[in-house]
Every structure is written in C-alpha cells, then in structure tokens.
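No experiment lies behind these values; they were computed from the predicted model shown. One-based numbering along the sequence shown.
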Amino acid sequence: MMKVSQLLLILFLVVSCGKKQSHPYTFYYWKTRLALDKTEKNVLQKATDPYLYTRFFDVDKLDGKFQPVGVMTKDQSFSTDKNIVPTVFITNRAFLNITNEEIQFLAASINDLITKKSSEYQLKTGSQIQIDCDWTAGTRDDYFKFLKKLKEVSKKSVTCTLRLHQVKDKNIMGIPPVEQVFLMCYSTSSPLENSDKNSILDVSTLKNYLSKLEDYPVKKIEVALPIYSWGIVTNHLGKHKLINALSEKDLENPDFKRISDTEIEIQKDGFYFGSYLNKGFRIKIEEISDQQLQEVIRFLEKKISNFDIIYYQLDSKFVTGQNFSL
C-alpha cells in the first residue's frame, strides 16, 4: 500500500502544478503631462510592483542635431508612492552614422535632462533608467556603445526594451549590454497593412517570434503587455489611419452599419471621434481580451521564470474593468 507521506507528496505536486504563477505588475505612463485621475491613482496604488515606468521625453536627430521631443511636464497634484523609472524613447535614425563623440554627448545630455526634470518635479527616481529604441542591425553597435556610456555617466542601472524581431533575429540584431530587458509583447504587425490579424497582438505571431526565447542570453527578462485599443479607419482608396483609444462600445451609433463584431461602415458624412469621416469609410476596432493576455502569460511561463509584468499603458480609458491578477 502507498504510504501517507507518498500520498501527501503526490497531492502537493498536483496542487503546485495546477496553481497559476503570480507576477508582480505595474504600468508604463506614456503621456506628455504627468497627472493621474482618480481611477488611475486607485489602479496604480493596487499595483504590486514598486515602479512606474514614466516617459520623460523622446530623442530624435533633426537637421543633424539631437533634439529632445515632447519633454514631460507635471501636474501639481501628481503624487505616488511608486519609484519613478525615467524612460526615454530614442529614434533609430538618431544612431545612423553617429560618431563616438556624439555618443558621449548624447549620453551626457540625456542624463542631464533626466536629472534636471527629476529635481524640478521632485520625483523619486531611484537607480534605474530605461531606454526604448527599435535598433537595427546597422545601428546596433553604436546603440550598444551608447547604453554602456549612459550607464557610465549616470552611474545607474540602464535597462532597455526588446522587440519581438530582436529576439527572433538575435544573431543579426545582437544582444544589448544590459542585465535586464523589457520584452514588448505587442505591435505584432503594422495596423496600416491590409490584414485580418489583430495588429496590436496576434498570439500565434508572438509565439512564432518567441519560440526560442528561453535561449535569449540576458540575465533578467520582464514582460510588457498591451491593454490599449484603437480604431483603424479605411477610406475609399484603401488607405488607413488610426484613432486612438476606441473600443467596441464606441461603434454603437445610428450612423454606423455593423459589418462584423469589430467593424462598422459609416452611413453619413460627419465628425466622428474628432475626425471628419465620409460615408462608406470603415472603422475596425482592435483591442485585447483577458483571454489573449492569459494565453501569452502561460506561454511565457514555459520560456522564462519569475518575470514582472508592465502594462502599456496607465490610462483610465484602458485600465477600467481590467483584471490585472492574471
């Protein structure tokens, strides 16, 4: 007969295998003005990760000069107990034909502006800076030099975002010289292409790109997941444009004819969602379900362990009604 100790061991294993992992979570904040409404404050307060990844500014190269774009401002009422992680988006073209002297200048200038804004707005910024850049094979070496230089001048931990194609093509794209990357599990295709797939997140496409994720040689991988939505407008010529923050409930309008659960055709010329749209234009809604997010999380748990989740992004339009304890 089976011993009691053996039965207990089997029961423990069954319970352990059936239990979902719990992942600390927080958010990206990607608006130019740092301010939280009541809903956003409540949702952020409940987040189980101690950080808020906050866009400070973008950097582009215009007329041969590096320029900060959309530098953040802060509402006087803003307050949070979270540690603010300064996050900076840099265009890939900023690294085209860049010199070593320019790399030094860029790293020092970004660090100086982060320090200035942190002090000006009395933000608790801690010891991390995050850089967001869709680097390519042609810019990777100079981008990686920049990451090293920024760490040197800031004397802080420098992390960076990681896109799906940079994982799949790691031999071509290179491995960034950081100990922690943030895997962007969205933008699986372009919303401006003619496709039946959800361009924000197509799970089958993501699984294909990340089939060898467990081999990615960076010490710590965190996961960024989408909770945003938008509408894709298609005109008579088949050209597309985006209207941010639309959801299926916005399709309830007597001037709209339902084509499917996620798409309508406009029946009357007029202003809709801040744009003038003609009769015959179509609007397709793309948003993300809990089921899709759960499928991605369960897939990633088989590839990497103990990851945090950062939802993109903290906005009352997107966080209302969401289940973040997936």
Side-chain angles (χ1 to χ4, degrees), residues 27-33 35 37 39-40 55 57-58 60-63 67 69-73 89 91-93 132 134 163-165 184-206 209 224-293 296 311-322:
F27 301 90
Y28 278 105
Y29 187 91
W30 216 256
K31 301 174 189 175
T32 301
R33 185 163 181 80
D37 63 23
T39 297
E40 293 159 355
R55 174 199 168 277
F57 51 88
D58 301 342
D60 200 357
K61 196 170 188 179
L62 306 170
D63 299 324
Q67 299 286 345
V69 179
V71 179
M72 69 176 291
T73 60
F89 171 76
T91 63
N92 182 59
R93 68 182 180 184
D132 178 22
D134 189 7
R163 285 161 173 77
L164 301 180
H165 72 93
M184 297 171 62
C185 293
Y186 45 90
S187 298
T188 48
S189 61
S190 170
L192 303 183
E193 296 175 354
N194 291 314
S195 175
D196 293 332
K197 294 181 178 180
N198 187 319
S199 66
I200 296 175
L201 173 59
D202 180 74
V203 177
S204 61
T205 300
L206 177 137
Y209 273 87
L225 293 176
I227 54 172
Y228 62 94
S229 63
W230 54 35
I232 302 173
V233 180
T234 304
N235 69 10
H236 298 116
L237 300 176
K239 293 185 178 180
H240 309 292
K241 76 171 186 176
L242 293 179
I243 299 179
N244 283 317
L246 292 191
S247 63
E248 286 185 22
K249 64 184 179 181
D250 294 310
L251 299 183
E252 301 298 332
N253 187 311
D255 293 337
F256 297 165
K257 176 185 175 183
R258 282 274 184 176
I259 298 173
S260 69
D261 289 341
T262 60
E263 191 172 10
I264 59 91
E265 183 178 286
I266 296 173
Q267 302 297 294
K268 180 180 178 181
D269 294 353
F271 281 94
Y272 304 99
F273 317 116
S275 297
Y276 189 82
L277 305 177
N278 295 112
K279 178 181 179 180
F281 282 23
R282 296 188 175 193
I283 303 176
K284 175 189 174 186
I285 298 297
E286 292 189 337
E287 52 189 350
I288 305 302
S289 68
D290 280 355
Q291 183 179 354
Q292 287 172 291
L293 295 179
V296 170
Y311 290 102
Y312 183 88
Q313 63 168 318
L314 181 60
D315 187 316
S316 56
K317 296 175 184 176
F318 304 135
V319 298
T320 302
Q322 289 279 0

Under 3.5 Å: donor-acceptor pair, side chain of [X], backbone of [Y]:
| X | Y | answer |
| --- | --- | --- |
| Thr188 | Leu206 | no |
| Gln267 | Glu265 | yes |
| Thr234 | His240 | no |
| Tyr29 | Ala35 | yes |
| Asp60 | Leu62 | no |
| Arg55 | Gly70 | yes |
| Gln313 | Trp30 | yes |
| Asn198 | Glu287 | yes |
| Glu252 | Lys249 | no |
| Glu40 | Ser316 | yes |

Checklist outcome for this item: Residue pairs meeting salt bridge (Lys or Arg N to Asp or Glu O under 4.0 Å), one or both in residues 268-280, sequence neighbours left out, come to none

Give me the atom names and distance for the closest heavy-atom approach of [X] to [Y].
| X | Y | answer |
| --- | --- | --- |
| Ala224 | Tyr28 | CB-CE1, 3.9 Å |
| Val233 | Phe281 | CG1-CD2, 4.0 Å |
| Ser275 | Ile243 | OG-CD1, 4.4 Å |

Checklist entry - Does any donor atom in the side chain of Glu286 or Ser199 lie under 3.5 Å from an acceptor atom in the other side chain? => result yes

Next on the checklist: I want to know whether Phe256 and Tyr272 have ring centres closer than 6.0 Å.
Outcome noted: yes

Checklist entry - Between Arg93 and Asp134, is there a salt bridge with N-O shorter than 4.0 Å? => result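 Salt bridge flag = no for Arg93 with Asp134.
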
